[in-house]
K.L.:
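Mind looking over this structure? Questions follow.
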Amino acid sequence: MGSIGALLKHPEDVPALVRMKIAQTHALKQIPSEPDLAFCFTVLQRVSRSFAFVIQQLGPELRNAVCIFYLVLRGLDTVEDDTSIPLDTKLPILKAFYKHICDPSWHFSCGVKDYKELMEKFHHVSTTFLRLEKGYQEAIEEITKRMGAGMAKFICKEVESVKDYDEYCHYVAGLVGYGLSRLFHAAKLEDLQPDSLSNSMGLFLQKTNIIRDYLEDINEIPAPRMFWPREIWAKYVSRLEDLKEEERSKEAVQCLNEMVTNALKHANDCLKYLSDLRDPAIFRFCAIPQIMAIGTLERCYNNIEVFRGVVKIRRGLTAKIMERTNTMADVYGAFFDFSRSLASKVPKDDPNARATLNYIDDIQRTCKPMAC
């Protein structure tokens with residue numbers, strides 16, 4: 001339930017943490033009894049506890065579709081991430097993954113720990129996929145096909161330009177936004193959102209993760225593929241790994257600030273998307289991760305610790321966000337507060353200060369009428 005130090009600094013977090021723990025325990029008890037679905041929800045808890053928690057709040061039919069969608073894409077991601085798989089094996093699997101999800105006899109051993117179990121017992125996922133309504137199946141199959149092709153493209157391609165960066169994030173996250181919008185529409189609970197807004201919902205989350213996970217990713221063995229675009233980092237250092245060197249701290253922070261600024265450009269699209277949602281459970285499902293993203297960017301901005309250790313929102317604040325996010329006014333308030341805090345950290349001499357503050361002004365103009 002969080003470190004002792006964090007609780008001593010923020011004792012007001014304790015009630016929300018206790019309530020979140022009770023809610024998570026209750027969610028564990030809601031796992032369906034049917035064997036294939038039971039496997040899917042059990043492994044979902046293991047590979048993404050926070051995502052599993054918000055999924056459980058959706059209605060049963062949509063909940064099952066979103067769970068399968070997530071596990072299918074998690075399986076695809078596991079193949080992409082496993083550096084031990086030869087390219088001549090990996091590329092055909094990525095491109096044909098959308099076909100494999102229709103074949104309950106297919107499985108492939110890769111990944112580690114819970115991800116390995118997911119892949120070796122993938123028949124539970126594909127069997128459940130084939131039981132979904134046709135509209136859900138079509139949405140999941142389409143997005144899986146497009147994402148697999150995009151991943152295959154970037155296996156052999158470095159992220160050189162900001163355009164490459166946006167394209168990569170589109171394939172691995174923007175398409176998730178497309179898919180979720182299609183699932184919500186197939187459930188007859190929401191109008192179909194514009195692709196541009198759905199894409200921004202995914203890019204805002206993905207770029208936040210790429211920024212936050214710099215140190216963990218760059219220290220991977222064997223040497224990892226990195227997704228910070230050369231067009232940005234080459235302004236500050238000659239090698240991406242130089243950003244973690246103490247003597248390059250000034251350049252590292254300026255590069256980090258430009259990366260955060262690049263992510264902020266998606267915030268207003270996200271607010272528009274959320275404001276158009278009607279179903280309360282879908283709204284919470286979509287809104288909570290977006291608030292976590294703006295909060296994480298606020299923590300990362302101008303923070304050298306991104307290159308030294310782990311930077312994230314404290315668990316108690318996460319519990320409060322999950323508990324208090326119920327209406328669009330709550331979202332506007334959170335975005336306004338986090339963006340105002342971020343603005344207070346912008347150094348006057350930062351090369352991207354004007355662009356950063358312009359994006360923050362845009363966010364605050366959108367939020368202020370509701371936040372005040």
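One-based numbering along the sequence shown.
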K.L.:
Would you please test Arg131 and Asp36 for salt bridge (Lys or Arg N to Asp or Glu O under 4.0 Å) and show each step?
P.N.:
CA-CA 11 Å; Arg131 292 176 184 152; Asp36 294 312; 3.1 Å; yes

K.L.:
What I want to find out is whether Lys250 reaches Asp350 closely enough, with some N-O distance under 4.0 Å, to be called a salt bridge.
P.N.:
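No, this pair does not count.
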
K.L.:
Can you check whether His266 and Phe204 have ring centres sitting under 6.0 Å from each other?
P.N.:
no

K.L.:
With Arg284, which residues qualify under salt bridge (Lys or Arg N to Asp or Glu O under 4.0 Å), at least two apart?
P.N.:
none

K.L.:
For the pair Tyr168 and Phe227, name the ring-plane relationship: parallel under 30°, tilted 30 to 60°, perpendicular over 60°.
P.N.:
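Because their plane-to-plane angle is under 30°, the rings of Tyr168 and Phe227 count as parallel.
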
K.L.:
May I have the step-by-step check of salt bridge (Lys or Arg N to Asp or Glu O under 4.0 Å) for Lys113 and Glu117, ending in yes or no?
P.N.:
CA-CA 7 Å; Lys113 299 180 181 177; Glu117 182 179 9; over 6 Å; no

K.L.:
Give a yes-or-no answer on whether the side chains of Thr296 and Thr208 include a donor-acceptor pair shorter than 3.5 Å.
P.N.:
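Side chains of Thr296 and Thr208: no pair found under 3.5 Å.
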
K.L.:
Does the side chain of Phe184 come within less than 4.5 Å of Asp279's, by heavy atoms?
P.N.:
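Answer no - side chains too far apart.
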
K.L.:
Is any side-chain heavy atom of Ile68 closer than 4.5 Å to one of Tyr136?
P.N.:
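Contact flag for Tyr136/Ile68 side chains = no.
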
K.L.:
With a cut-off of under 6.0 Å to the ring centre and 45° to the axis, is Arg63 in cation-pi contact with Phe41?
P.N.:
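Positive - Arg63 is close enough to the ring of Phe41 and near enough to its axis.
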
K.L.:
When you look at NZ of Lys116, are more than 12 heavy atoms from neighbouring residues, nucleotides or ligands closer to it than 6.0 Å?
P.N.:
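It does: Lys116 NZ has more than 12 such atoms within range.
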
K.L.:
Please report the interatomic distance CG(Leu175) to CG(Leu73), rounded to the nearest 0.5 Å.
P.N.:
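One finds 9.0 Å between CG of Leu175 and CG of Leu73.
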
K.L.:
Which residue pairs pass the side chain to side chain donor-acceptor pair (under 3.5 Å) test when at least one of the two sits in residues 299-310, sequence neighbours left out?
P.N.:
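Applying side chain to side chain donor-acceptor pair (under 3.5 Å) to every pair that reaches into residues 299-310, excluding sequence neighbours, yields Ser249-Arg308, Asn257-Asn302.
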
K.L.:
Is the shortest heavy-atom distance from the side chain of Lys153 to the side chain of Glu167 under 4.5 Å?
P.N.:
yes

K.L.:
Stepwise, does the side chain to side chain contact (heavy atoms under 4.5 Å, CB included) test hold for Leu215 with Val306?
P.N.:
CA-CA 7 Å; Leu215 189 66; Val306 170; over 6 Å; no

K.L.:
Does Glu247 CD have over 12 foreign heavy atoms under 6.0 Å away?
P.N.:
yes

K.L.:
Heavy-atom count check: over 12 atoms from other residues, nucleotides or ligands less than 6.0 Å from His123 NE2?
P.N.:
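Yes - once you tally the heavy atoms of other residues, nucleotides and ligands closer than 6.0 Å, there are more than 12.
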
K.L.:
Check whether any side-chain heavy atom of Asp166 sits under 4.5 Å from a side-chain heavy atom of Lys163, and report yes or no.
P.N.:
no

K.L.:
Evaluate His170 against Tyr165 for ring-ring contact (aromatic ring centres under 6.0 Å, His included), listing each step before the verdict.
P.N.:
CA-CA 8 Å; His170 164 73; Tyr165 182 45; over 10 Å; no

K.L.:
Between Glu158 and Arg225, is there a salt bridge with N-O shorter than 4.0 Å?
P.N.:
no

K.L.:
Do Val54 and Met322 come within less than 4.5 Å of each other through their side chains, counting heavy atoms only?
P.N.:
yes

K.L.:
Please check if Tyr214 and Leu205 belong to a single hydrophobic cluster, counting links between Ile, Leu, Val, Met, Phe, Trp and Tyr side chain heavy atoms closer than 4.5 Å.
P.N.:
no

K.L.:
Does one side chain, of Thr325 or Asp330, offer a donor that lies under 3.5 Å from an acceptor on the other?
P.N.:
no

K.L.:
Under 30°, 30 to 60°, or over 60°: which ring-plane class applies to His100 and Phe97, parallel, tilted or perpendicular?
P.N.:
perpendicular

K.L.:
Verify whether one side chain among Glu120 and Ser109 offers a donor that lies under 3.5 Å from an acceptor in the other.
P.N.:
yes

K.L.:
More than 12 heavy atoms of other residues, nucleotides or ligands under 6.0 Å from NZ of Lys345: yes or no?
P.N.:
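Above 12, so yes.
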
